[in-house]
There are 2 protein chains.
Amino acid sequence: MVYDYAGMMALADPTRRKVFELIADRPRSVIDLTRVLPVSQPAVSQHLKVLKEARLVRAEPKGASNIYHLDPHGLGEMRAWLDRMWGDALDAFKREVDNSKEK
Amino acid sequence: MVYDYAGMMALADPTRRKVFELIADRPRSVIDLTRVLPVSQPAVSQHLKVLKEARLVRAEPKGASNIYHLDPHGLGEMRAWLDRMWGDALDAFKREVDNSKEK
DNA sequence: GCTTATCATAAGTCATGGTTTATGATTATG
DNA sequence: CATAATCATAAACCATGACTTATGATAAGC
(Lines give C-alpha, C1' and ligand atoms only; values in the text may rest on other atoms or scores of the structure.)
Protein backbone atom coordinates (compact mmCIF):
# COMPACT_ATOMS: atom_id res chain seq x y z
CA MET A 1 0.00 0.00 0.00
CA VAL A 2 1.30 3.40 -0.94
CA TYR A 3 1.31 5.98 1.78
CA ASP A 4 -1.33 8.50 0.85
CA TYR A 5 -0.71 11.61 2.93
CA ALA A 6 -3.34 10.47 5.43
CA GLY A 7 -1.02 11.27 8.30
CA MET A 8 -0.36 14.80 7.18
CA MET A 9 -4.03 15.46 6.50
CA ALA A 10 -4.90 14.04 9.92
CA LEU A 11 -2.47 16.35 11.69
CA ALA A 12 -3.56 19.45 9.77
CA ASP A 13 -6.53 20.08 12.06
CA PRO A 14 -5.54 21.91 15.29
CA THR A 15 -7.88 19.98 17.58
CA ARG A 16 -6.84 16.66 16.11
CA ARG A 17 -3.19 17.59 16.40
CA LYS A 18 -3.84 18.37 20.06
CA VAL A 19 -5.44 14.96 20.50
CA PHE A 20 -2.38 13.37 18.93
CA GLU A 21 -0.02 15.33 21.17
CA LEU A 22 -1.96 14.42 24.30
CA ILE A 23 -1.75 10.74 23.37
CA ALA A 24 1.93 11.17 22.56
CA ASP A 25 2.40 12.54 26.06
CA ARG A 26 0.85 9.40 27.51
CA PRO A 27 -1.86 6.88 26.56
CA ARG A 28 -5.32 8.13 27.41
CA SER A 29 -8.95 7.08 27.37
CA VAL A 30 -11.62 8.95 25.41
CA ILE A 31 -13.08 10.42 28.58
CA ASP A 32 -9.65 11.50 29.69
CA LEU A 33 -9.09 13.33 26.41
CA THR A 34 -12.57 14.87 26.50
CA ARG A 35 -11.96 16.33 29.96
CA VAL A 36 -8.95 18.30 28.66
CA LEU A 37 -10.26 19.36 25.26
CA PRO A 38 -12.86 22.08 24.58
CA VAL A 39 -15.06 19.81 22.45
CA SER A 40 -17.67 17.13 23.08
CA GLN A 41 -16.98 13.43 23.52
CA PRO A 42 -18.34 12.47 20.09
CA ALA A 43 -16.04 15.05 18.52
CA VAL A 44 -13.09 13.41 20.25
CA SER A 45 -14.22 9.97 19.07
CA GLN A 46 -14.42 11.23 15.50
CA HIS A 47 -10.94 12.71 15.64
CA LEU A 48 -9.65 9.44 17.06
CA LYS A 49 -11.27 7.59 14.18
CA VAL A 50 -9.38 9.73 11.65
CA LEU A 51 -6.10 9.33 13.54
CA LYS A 52 -6.67 5.59 13.78
CA GLU A 53 -7.37 5.25 10.05
CA ALA A 54 -4.17 7.20 9.40
CA ARG A 55 -2.48 4.61 11.65
CA LEU A 56 -1.09 7.30 13.91
CA VAL A 57 -2.82 5.85 16.98
CA ARG A 58 -4.36 2.54 17.97
CA ALA A 59 -7.06 1.61 20.47
CA GLU A 60 -6.71 -0.86 23.29
CA PRO A 61 -9.96 -1.82 25.02
CA LYS A 62 -9.69 -1.85 28.80
CA GLY A 63 -12.95 -2.71 30.41
CA ALA A 64 -15.59 -0.24 29.39
CA SER A 65 -13.03 2.30 28.25
CA ASN A 66 -10.76 2.52 25.24
CA ILE A 67 -7.14 3.46 25.81
CA TYR A 68 -5.47 5.12 22.83
CA HIS A 69 -1.73 4.73 22.24
CA LEU A 70 0.64 5.89 19.52
CA ASP A 71 0.91 3.47 16.60
CA PRO A 72 4.56 3.02 15.62
CA HIS A 73 3.64 1.46 12.25
CA GLY A 74 1.80 4.48 10.92
CA LEU A 75 4.32 6.83 12.47
CA GLY A 76 7.07 5.01 10.62
CA GLU A 77 5.23 5.23 7.31
CA MET A 78 4.65 8.93 7.75
CA ARG A 79 8.24 9.47 8.76
CA ALA A 80 9.45 7.69 5.63
CA TRP A 81 7.15 9.73 3.42
CA LEU A 82 8.25 13.00 5.01
CA ASP A 83 11.91 12.10 4.63
CA ARG A 84 11.38 11.23 0.98
CA MET A 85 9.50 14.46 0.24
CA TRP A 86 12.11 16.36 2.15
CA GLY A 87 14.96 14.78 0.25
CA ASP A 88 13.30 15.54 -3.07
CA ALA A 89 12.74 19.18 -2.13
CA LEU A 90 16.31 19.66 -0.94
CA ASP A 91 17.77 17.91 -3.97
CA ALA A 92 15.74 20.13 -6.25
CA PHE A 93 16.81 23.22 -4.40
CA LYS A 94 20.44 22.15 -4.64
CA ARG A 95 20.15 21.64 -8.40
CA GLU A 96 18.59 25.07 -8.68
CA VAL A 97 21.46 26.71 -6.83
CA ASP A 98 24.01 24.82 -8.92
CA ASN A 99 22.34 25.90 -12.14
CA SER A 100 22.39 29.56 -11.14
CA LYS A 101 26.08 29.30 -10.30
CA GLU A 102 26.95 27.87 -13.70
CA LYS A 103 26.03 31.13 -15.36
CA MET B 1 8.43 33.92 15.78
CA VAL B 2 7.05 30.57 16.77
CA TYR B 3 6.37 28.20 13.96
CA ASP B 4 2.62 27.75 13.77
CA TYR B 5 1.98 24.65 11.71
CA ALA B 6 1.37 26.83 8.64
CA GLY B 7 3.58 24.59 6.53
CA MET B 8 1.73 21.44 7.48
CA MET B 9 -1.66 23.03 6.95
CA ALA B 10 -0.51 24.35 3.58
CA LEU B 11 0.58 20.90 2.42
CA ALA B 12 -2.58 19.19 3.61
CA ASP B 13 -4.54 20.14 0.50
CA PRO B 14 -3.85 17.76 -2.44
CA THR B 15 -3.86 20.44 -5.14
CA ARG B 16 -1.62 22.72 -3.12
CA ARG B 17 0.73 19.87 -2.38
CA LYS B 18 0.89 19.22 -6.13
CA VAL B 19 1.73 22.88 -6.72
CA PHE B 20 4.52 22.59 -4.17
CA GLU B 21 5.87 19.43 -5.75
CA LEU B 22 5.84 20.98 -9.22
CA ILE B 23 7.81 23.96 -7.94
CA ALA B 24 10.14 21.62 -6.08
CA ASP B 25 10.79 19.87 -9.38
CA ARG B 26 11.83 23.18 -10.92
CA PRO B 27 10.88 26.88 -10.62
CA ARG B 28 7.74 27.70 -12.60
CA SER B 29 5.53 30.61 -13.54
CA VAL B 30 1.86 30.77 -12.65
CA ILE B 31 0.84 30.09 -16.24
CA ASP B 32 3.21 27.15 -16.36
CA LEU B 33 1.62 25.66 -13.25
CA THR B 34 -1.89 26.37 -14.54
CA ARG B 35 -1.21 24.46 -17.77
CA VAL B 36 -0.40 21.31 -15.81
CA LEU B 37 -3.03 21.51 -13.07
CA PRO B 38 -6.77 20.81 -13.46
CA VAL B 39 -7.81 24.12 -11.87
CA SER B 40 -8.12 27.73 -13.01
CA GLN B 41 -5.36 30.33 -12.89
CA PRO B 42 -6.87 32.23 -9.93
CA ALA B 43 -7.05 28.97 -7.99
CA VAL B 44 -3.34 28.47 -8.61
CA SER B 45 -2.60 32.04 -7.52
CA GLN B 46 -4.51 31.53 -4.28
CA HIS B 47 -2.68 28.30 -3.54
CA LEU B 48 0.59 30.11 -4.19
CA LYS B 49 -0.45 32.82 -1.77
CA VAL B 50 -0.96 30.26 1.00
CA LEU B 51 2.34 28.54 0.23
CA LYS B 52 4.11 31.89 0.18
CA GLU B 53 2.63 32.94 3.54
CA ALA B 54 3.80 29.61 4.95
CA ARG B 55 7.22 30.54 3.53
CA LEU B 56 7.45 27.34 1.57
CA VAL B 57 7.87 29.20 -1.74
CA ARG B 58 8.84 32.69 -2.82
CA ALA B 59 8.04 34.71 -5.92
CA GLU B 60 10.53 36.28 -8.28
CA PRO B 61 9.07 38.73 -10.81
CA LYS B 62 10.41 38.22 -14.32
CA GLY B 63 8.83 40.61 -16.77
CA ALA B 64 5.11 40.15 -16.80
CA SER B 65 5.33 36.75 -15.18
CA ASN B 66 6.08 35.58 -11.65
CA ILE B 67 8.51 32.72 -11.20
CA TYR B 68 8.00 30.71 -8.01
CA HIS B 69 10.90 28.98 -6.31
CA LEU B 70 11.25 26.95 -3.13
CA ASP B 71 11.95 29.05 -0.04
CA PRO B 72 14.71 27.46 2.07
CA HIS B 73 13.85 29.59 5.12
CA GLY B 74 10.33 28.26 5.51
CA LEU B 75 11.43 24.77 4.60
CA GLY B 76 14.00 24.90 7.38
CA GLU B 77 11.46 26.06 9.92
CA MET B 78 9.05 23.32 8.97
CA ARG B 79 11.80 20.73 9.08
CA ALA B 80 12.78 21.85 12.58
CA TRP B 81 9.18 21.70 13.77
CA LEU B 82 8.65 18.25 12.30
CA ASP B 83 11.85 16.97 13.87
CA ARG B 84 10.81 18.34 17.26
CA MET B 85 7.32 16.83 17.06
CA TRP B 86 8.82 13.60 15.85
CA GLY B 87 11.34 13.48 18.66
CA ASP B 88 8.64 14.09 21.25
CA ALA B 89 6.44 11.35 19.83
CA LEU B 90 9.25 8.83 19.71
CA ASP B 91 10.49 9.73 23.19
CA ALA B 92 6.98 9.27 24.55
CA PHE B 93 6.62 5.93 22.81
CA LYS B 94 9.95 4.80 24.20
CA ARG B 95 8.91 5.75 27.73
CA GLU B 96 5.69 3.83 27.22
CA VAL B 97 7.52 0.69 26.16
CA ASP B 98 9.94 1.00 29.09
CA ASN B 99 7.07 1.35 31.53
CA SER B 100 5.35 -1.78 30.27
CA LYS B 101 8.58 -3.71 30.62
CA GLU B 102 9.05 -2.68 34.23
CA LYS B 103 5.97 -4.59 35.25
C1' DG C 1 -30.94 -7.16 37.36
C1' DC C 2 -30.60 -2.20 37.40
C1' DT C 3 -28.08 1.77 37.21
C1' DT C 4 -23.89 4.15 35.95
C1' DA C 5 -19.90 4.91 33.05
C1' DT C 6 -17.63 4.77 28.73
C1' DC C 7 -17.62 4.87 23.92
C1' DA C 8 -19.12 4.89 18.92
C1' DT C 9 -22.36 6.04 15.44
C1' DA C 10 -26.20 8.70 13.20
C1' DA C 11 -28.22 12.84 11.79
C1' DG C 12 -28.27 17.56 11.36
C1' DT C 13 -26.06 22.29 11.57
C1' DC C 14 -22.77 25.54 10.25
C1' DA C 15 -18.29 27.63 9.19
C1' DT C 16 -14.26 27.10 6.52
C1' DG C 17 -11.95 27.07 2.45
C1' DG C 18 -11.27 25.53 -2.40
C1' DT C 19 -13.28 26.62 -6.59
C1' DT C 20 -15.22 29.52 -10.26
C1' DT C 21 -16.03 33.86 -13.19
C1' DA C 22 -15.10 38.70 -13.62
C1' DT C 23 -11.98 42.33 -13.57
C1' DG C 24 -8.10 45.46 -12.99
C1' DA C 25 -2.97 46.12 -12.94
C1' DT C 26 1.41 45.50 -14.95
C1' DT C 27 4.52 44.23 -18.67
C1' DA C 28 5.85 42.66 -23.20
C1' DT C 29 4.85 42.92 -28.27
C1' DG C 30 3.52 44.72 -32.70
C1' DC D 1 -0.17 53.62 -28.83
C1' DA D 2 -2.93 49.53 -28.94
C1' DT D 3 -3.23 44.77 -28.20
C1' DA D 4 -1.91 40.56 -25.99
C1' DA D 5 -0.03 38.05 -22.08
C1' DT D 6 0.59 37.32 -17.25
C1' DC D 7 -0.91 37.67 -12.67
C1' DA D 8 -3.51 39.01 -8.35
C1' DT D 9 -7.69 40.25 -6.13
C1' DA D 10 -12.79 40.43 -5.36
C1' DA D 11 -17.15 38.28 -5.08
C1' DA D 12 -20.10 34.40 -5.19
C1' DC D 13 -20.83 29.44 -4.98
C1' DC D 14 -20.65 25.13 -2.93
C1' DA D 15 -18.68 20.87 -1.05
C1' DT D 16 -16.17 19.26 2.74
C1' DG D 17 -15.61 18.46 7.35
C1' DA D 18 -15.68 19.86 12.28
C1' DC D 19 -18.98 20.33 15.50
C1' DT D 20 -23.40 19.52 18.07
C1' DT D 21 -27.33 16.64 20.26
C1' DA D 22 -29.48 12.18 20.47
C1' DT D 23 -29.10 7.44 21.01
C1' DG D 24 -27.69 2.63 21.34
C1' DA D 25 -24.15 -0.81 22.76
C1' DT D 26 -21.01 -2.78 26.03
C1' DA D 27 -18.81 -3.26 30.54
C1' DA D 28 -18.39 -2.17 35.48
C1' DG D 29 -20.46 -1.49 40.13
C1' DC D 30 -24.07 -1.78 43.55
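Values below: all heavy atoms of this structure, side chains included; hydrogens, waters and symmetry mates excluded. First the proteins, then the strands, lettered A, B, ... as listed; each starts at 1.
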Scan the side chains in residues 59-66 of chain B for donor-acceptor partners under 3.5 Å anywhere in the protein, sequence neighbours excluded, and list what turns up.
residue: B:Glu60; atom: OE1; partner: B:Arg58; partner atom: NH1; Å: 3.0
residue: B:Ser65; atom: OG; partner: B:Lys62; partner atom: O; Å: 3.1

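When the C1' atom of C:dC7 is taken as reference, atom CD of A:Glu60 falls 16 Å away, rounded to whole Å. Taking atom CZ of residue B:Arg17 and atom P of nucleotide C:dG18, one finds them 12 Å apart after rounding to whole Å. To the nearest angstrom, P of C:dG18 lies 12 Å from CD of B:Glu53. In this structure, A:Leu33 atom CG and C:dA5 atom P are separated by 19 Å, rounded to whole Å. Following rounding to the nearest Å, A:Asp13 (CG) and C:dG17 (C1') show an atom-to-atom distance of 13 Å. For A:Arg16 and D:dT16, the CZ to C1' distance is 12 Å, given to the nearest whole Å. Here C:dC7 presents its C1' atom at 18 Å from CZ of A:Arg58, a figure rounded to the nearest Å. Atom CE of A:Met9 is separated from atom P of D:dT16 by 12 Å (rounded to the nearest Å).
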Protein-to-nucleotide contact annotation, 5' to 3' order, nucleotides 2-13 of chain D [B base; S sugar-phosphate only; - none; under 4.0 Å, heavy atom]: ----SBBBB---
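In this view, B:Glu21 satisfies the side-chain hydrogen bond (donor to acceptor under 3.5 Å, both in side chains) rule with no residue, not counting sequence neighbours. Residues passing the salt bridge (charged side-chain N to carboxylate O under 4.0 Å, His left out) test with B:Asp32, sequence neighbours excluded: B:Arg26. Scored by the salt bridge (charged side-chain N to carboxylate O under 4.0 Å, His left out) test, A:Arg79 finds A:Asp83, B:Asp83 as partners (sequence neighbours excluded). For B:Thr15, there are no side-chain hydrogen bond (donor to acceptor under 3.5 Å, both in side chains) partners at least two apart in sequence or on another chain.
Between the side chain of A:Arg16 and the backbone N or O of A:His47, no donor-acceptor pair lies under 3.5 Å.
Taking only side-chain nitrogens and oxygens, B:Ser40 comes nearer than 4.0 Å to OP1 or OP2 of C:dT20.
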